[in-house]
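Working notes for the structure below.
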Amino acid sequence: MRGPHNILRLVRTGATFERSGAMALALNALEAPTAIRLSARILAWPFKIFGFRGDKQYSPVLRALIALGPAYIKFGQLLSTRPDVVGEKLAAELSILQDALPPFSQKKAIVAVETDLGIKIKDVFADFTPPIAAASLAQVHKAKVISTGQIVAIKVLRPGIEKAFLKDIDAFYFIARLIEILSPASRRLKPVEVIKYFEGIVRAEIDLRMESAAAAEFFSNTQHDKDFKVPQVVWNFCSKRIMTTEWVDGIPLGDVPALKKKGVNLTELAKLIIQSFLCHALRDGFFHADMHQGNLRCAKSGQLIVMDFGIMGRIDLYTRRVYAEILNGFISKNYRRVAEVHFEAGYVSYEEDIDKFAQALRSVGEPIFGMEANQISMAKLLAHLFEVTERFGMQVRTELLLLQRTMVVVEGVARSLDPNLNMWEVARPEVKSYIENNLGPSAVVRDIVQSFKAVTKFGPHAPYLIEKSLRNALDFEPPKPRKRRLPALVGGILLGVVLGCMAILLLLLWFG
């Protein structure tokens with residue numbers, strides 16, 4: 001941890017927001033308390049000159065985020081899907097961060113492809129286009145493979161992105177530790193563990209071999225899903241900094257007017273997004289965890305096309321069942337069962353009052369029902385949920401953070417297509433189906449069979465294990481009763497007294 005470097009990084013962040021004029025806009029959009037607004041402005045103003053100027057072709061907030069680097073751009077991408085948190089105007093501005101960032105030069109991209117793949121572009125690809133889209137970590141080019149005639153998308157990492165991103169992560173560690181020191185109540189949220197978890201994700205995202213493997217696994221899981229499309233990986237042209245997939249055409253989900261012009265049913269498309277995410281998370285335990293508009297397309301056939309597999313989430317079978325039961329409890333308004341699941345899973349200590357916890361969960365869930373989605377403030381809802389969990393000492397589950405964050409993003413994207421969509425109602429069929437297939441009588445029988453299979457694997461070792469257990473039992477000798485001795489503490493005190501007396505006696509003899 002480089003403390004001085006990170007302090008300077010934080011100062012520059014505030015200075016950049018103040019210099020670009022983004023500070024006031026961001027704080028107003030987030031509805032920050034007046035005291036925080038005044039404090040932030042007063043602290044940032046003296047350092048204003050040290051902030052980045054940024055590119056004036058962008059609005060102030062975009063200018064600040066782009067100037068500060070990839071980690072801040074990622075944060076802006078998340079907020080772009082939450083118009084209910086930052087407002088419609090700012091959310092529309094931030095959507096530019098998803099796939100319309102300034103690209104790096106065509107020459108640098110060609111050098112990267114030729115160096116990493118050990119080829120000459122002109123010998124392998126025809127029509128290697130300028131960047132089609134540029135994001136925070138990489139940009140995409142379209143090309144034609146000469147030998148097969150296949151049209152492909154070639155993703156190339158930005159030069160020096162690894163160093164820049166990890167420097168930001170280092171600063172985030174500093175912020176997390178500072179928060180833990182200054183706010184003991186925040187420690188239950190495990191801010192340092194959260195940053196560590198996301199650091200692992202980021203490191204995987206900047207190694208395109210890992211992304212290629214994730215895309216291939218996701219394709220395998222979803223290839224038979226109706227109305228869902230994952231581009232297939234072209235392994236011959238993949239490396240650490242280069243990823244190549246088949247080319248797919250579609251309308252970006254951020255271009256709502258174009259979707260309407262093509263006659264796309266926006267409500268059905270919004271439902272498809274939510275239900276696909278839940279299906280993959282619950283059925284497979286492997287889901288796309290960066291489903292913002294820049295990574296989603298709608299094909300002419302109505303298929304939902306998903307791209308960019310750098311951030312994928314994975315949850316085990318037990319956690320999936322817990323998650324499904326919690327969702328089902330909220331959907332069916334069975335708050336007592338939701339509370340029981342939290343206790344059974346160890347999320348809340350049995351020392352707490354389960355009835356009071358269920359009552360608190362009701363205060364979170366009830367406002368959701370009977371209201372249109374555009375009437376619900378997710379920011380206030382999440383703030384209420386954090387208050388409830390803090391009151392009952394619930395620890396944040398880092399393995400669920402990515403799932404929770406993706407749910408927020410997915411809901412934001414769906415609501416951008418249909419503002420009146422109620423996520424809970426849309427989620428109900430998918431959750432019910434999972435509950436029936438994985439928590440009913442057939443699932444119990446399946447679990448018993450799997451457990452029996454696991455036990456039978458030790459069959460060949462059974463004679464040895466039984467013999468060893470019997471020998472240990474026959475050779476066992478009960479411990480002999482020990483003689484009573486003074487406790488160690490009392491013995492230590494007595495020894496100290498004796499030594500002290502001897503020291504005093506020696507001093508008296510010496511000076512006497």
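Note that these values count all heavy atoms, side chains included, but never hydrogens, waters or copies made by symmetry.
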In the structure I gave you, are the side-chain heavy atoms of [X] and [Y] within less than 4.5 Å of one another anywhere?
| X | Y | answer |
| --- | --- | --- |
| Met291 | Val413 | no |
| Thr222 | His224 | no |
| Leu259 | Leu417 | yes |
| Ile146 | Val124 | no |
| Phe104 | Val156 | yes |
| Asn437 | Ser433 | yes |
| Lys144 | Trp247 | no |
| Leu278 | Phe287 | no |

Spacing of [atom1] belonging to [X] relative to [atom2] belonging to [Y], to within rounding of 0.5 Å:
| X | Y | atom1 | atom2 | result |
| --- | --- | --- | --- | --- |
| Asp227 | Ser301 | CG | OG | 7.0 Å |
| Lys155 | Ile242 | NZ | CD1 | 11.0 Å |
| Leu68 | Thr13 | CG | OG1 | 5.0 Å |
| Ile73 | Leu94 | CD1 | CG | 11.5 Å |

Any donor-acceptor pair under 3.5 Å from [X] side chain to [Y] backbone:
| X | Y | result |
| --- | --- | --- |
| Thr129 | Lys142 | yes |
| Ser212 | Leu208 | yes |
| Thr244 | Phe237 | yes |
| Glu268 | Gly302 | no |

Under 4.0 Å between a side-chain nitrogen and a carboxylate oxygen: does that hold for [X] and [Y]?
| X | Y | answer |
| --- | --- | --- |
| Glu114 | Lys122 | no |
| Arg314 | Glu217 | yes |
| Asp249 | Arg297 | no |
| Asp225 | Arg283 | yes |
| Lys229 | Glu246 | yes |

Steps toward side chain to side chain contact (heavy atoms under 4.5 Å, CB included) verdict (Thr245, Val230): CA-CA 10 Å; Thr245 65; Val230 175; over 6 Å; no

Worked check of side chain to side chain contact (heavy atoms under 4.5 Å, CB included) between Phe125 and Ile119: CA-CA 10 Å; Phe125 298 113; Ile119 62 170; 3.8 Å; yes

side-chain hydrogen bond (donor to acceptor under 3.5 Å, both in side chains) involving [X] - partner list, sequence neighbours excluded:
| X | answer |
| --- | --- |
| Asn221 | none |
| Asp284 | none |
| Asp123 | none |
| Arg63 | none |

Residues Asn295, Phe309; criterion side chain to side chain contact (heavy atoms under 4.5 Å, CB included); working and verdict: CA-CA 9 Å; Asn295 289 336; Phe309 309 95; over 6 Å; no

Smallest separation among heavy atoms of [X] and [Y], with atom names:
| X | Y | value |
| --- | --- | --- |
| Pro231 | Val306 | CD-O, 3.1 Å |
| Ala345 | Tyr318 | CA-OH, 3.6 Å |
| Ser20 | Pro60 | O-CB, 3.1 Å |
| Ala143 | Ile154 | CB-CD1, 3.9 Å |
| Val431 | Ala324 | CG1-O, 3.7 Å |
| Ser416 | Gln293 | OG-NE2, 3.4 Å |

Full working for side chain to side chain contact (heavy atoms under 4.5 Å, CB included) between Asp308 and Glu211: CA-CA 8 Å; Asp308 194 343; Glu211 182 175 348; 3.4 Å; yes

Where at least one partner belongs to residues 132-141, residue pairs that pass salt bridge (charged side-chain N to carboxylate O under 4.0 Å, His left out), sequence neighbours excluded: none

Residues Glu162, Arg241; criterion salt bridge (Lys or Arg N to Asp or Glu O under 4.0 Å); working and verdict: CA-CA 10 Å; Glu162 297 95 333; Arg241 298 181 57 82; 2.6 Å; yes

Set of salt bridge (charged side-chain N to carboxylate O under 4.0 Å, His left out) partners for Asp116, sequence neighbours left out: none

Glu344 and His342: CA distance, side-chain angles, deciding distance, side-chain hydrogen bond (donor to acceptor under 3.5 Å, both in side chains) verdict: CA-CA 6 Å; Glu344 291 167 5; His342 277 80; over 6 Å; no

Parallel, tilted or perpendicular: ring planes of Phe218 versus His288, cut at 30 and 60 degrees: tilted

Sub-6.0 Å ring centroid separation between His280 and Phe228: yes

